[in-house]
Amino acid sequence: MQQRSTDNLNFESNLLKNKANHMRDVFNFNAGPGMLPEEVLLQAQAEMLDWHGTGISIMEHGHRGPEFQQVAEQTEADLRELMNIPQNYHVFFLPGGATAQFAMVPLNLLGRKMTADYVDTGIWSKKAIEEAKHYGDIRVVAEVEKKNNWITVPSQEHWSLNPQAAYLHYTPNETIEGIEFNWLPQTGEVPLVADMSSMILSRPVDVTKYAVIYAGAQKNMGQAGITVVIIRDDLIQTALPHTPSLYRYQIHAETHSFYNTPPTYSWYMMGLVLAWMKRQGGVAEFYQRNTRKAAKLYGFIDQHADFYQCNIDPAYRSLMNVVFTLPDEALTKTFLTEAAQVGLAHLRGHRSVGGVRASIYNSMPEAGVDALVGFMGEFARKYG
Ligand SMILES: *Cc1c(COP(=O)(O)O)cnc(C)c1O
């Protein structure tokens, strides 16, 4: 105890020093885990040794005690408020990443139909499809295509939807390729399931149009280790018989995500991010900022199309992951090296697609995009 108090004092003076210095001098464009707001990191730092005067870190408190219960409940309340989630939807906070949902969705939703429809728009869609195939008859009803040199998604009249499908699964934002839907698939009575890992809370979403929404926290709302599942309450009772307990939505509904020890610190961090989002003005405000940031970056790319190229159909360009290329590999390498030298970090495209990817999640300030655009201009003048 004695030791801790002394540490605390040192630590507080460090914190003040950090606050005075403010602003880390790096903009982190990583796709995931992504950048976190400085304000949130400072708060976590300030509360690290002593959460709310308890003398104990939140990660040391028992998950069933009143301290962590308060964190858990406030986080859920804030998410419900930010996304306007109706009462007939459960919200789960689960381990296993979005990848665990690739299995949990079919295990819990295939039911007696044993067939589901999937839209394949990229690498994350494909992973979801491959996993689902272990459990039922999975049909791919639409795929990205190349049209007039643009990568695009066929409009829904070209999809072959099965009205008997247990659900339709799609990925509103493909994090790796930078492809995002700006329209909602119409599935009639067929439940709509969305992997919103890299766009949740980036723009307003009408939750009532979805049966299931899931998203890992580490892209746009926190750190790795926790995944949010938002699910309509009539859909949790049909798990296939061999489904493990930890993979049953019903069990998470009954235990409020406390069937086993949840990832408490990740849950707490998400709570800090959501509270920060509320202070900043909520999803509508972030949507405006995100629209401005993306417009700036794509606008610049298109104006310099002899050097920078984005081959995604403008109607499907991601607000969150801006993917583009330079004239050749060598220049791309130089670009990444020189960008890192001026504090523009982690711009390398995913290893499967190459090129450059700037992930500009909610936490990326507009100043980060301005700095990137400024650097891109100089780089093109120097090497173009
Ligand atoms: C990152 C990501 C995943 C995988 O998340 P994990 O936490 O690594 O399981 C799945 N889907 C999308 C769209 C992603 O961006």
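Order of listing sets the numbers, starting from 1, for every ligand and every atom in it. In this chain, residues are counted from 1 in sequence order.
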J.: Mind checking side-chain contact (heavy atoms from CB on, under 4.5 Å) for His52 and listing every partner two or more places apart, or none if nothing turns up?
T.: Glu47, Gln70

J.: Could Glu254 and Arg248 be called an ion pair, given the rule that one side-chain N must be under 4.0 Å from one carboxylate O?
T.: no

J.: List, one per line, each side-chain donor-acceptor pair under 3.5 Å for residues 94-112, sequence neighbours excluded.
T.:
from	atom 1	to	atom 2	distance (Å)
Gln101	OE1	Tyr249	OH	2.6
Asn108	OD1	Tyr249	N	3.1
Asn108	ND2	Met104	O	2.8
Asn108	ND2	Tyr247	O	2.7

J.: With only distance considered, is Ala98 within less than 3.5 Å of ligand 1 through an N or O on each side?
T.: yes

J.: State whether the shortest distance between N or O atoms of Asp195 and N or O atoms of ligand 1 falls below 3.5 angstrom.
T.: yes

J.: Indicate yes or no: does Arg381 engage Glu378 in a salt bridge with an N to O separation below 4.0 Å.
T.: no

J.: Using distance alone, determine whether Gln218 and ligand 1 share an N or O pair under 3.5 Å.
T.: yes

J.: Which residue holds the protein heavy atom closest to atom 9 (O) of ligand 1, what is that atom called, and what is the gap in Å?
T.: Thr99 OG1, 2.5 Å

J.: Considering only heavy atoms of Thr175, which atoms of ligand 1 have at least one such atom less than 4.0 Å away?
T.: 12 (C), 13 (C), 14 (C), 15 (O)

J.: Heavy-atom contacts under 4.0 Å between Tyr214 and ligand 1: side chain, backbone, both, or neither?
T.: neither

J.: Given the side-chain rings of Phe92 and His90, with only the six-membered ring counted for Trp, is the space between their centroids under 6.0 Å?
T.: yes

J.: Hey, what's the ring geometry for Tyr308 with Phe324, parallel, tilted or perpendicular (30° and 60° as the breaks)?
T.: perpendicular

J.: Please work out which of Met196, Gln101, Lys219 has its closest non-hydrogen atom nearest to atom 2 (C) of ligand 1.
T.: Lys219

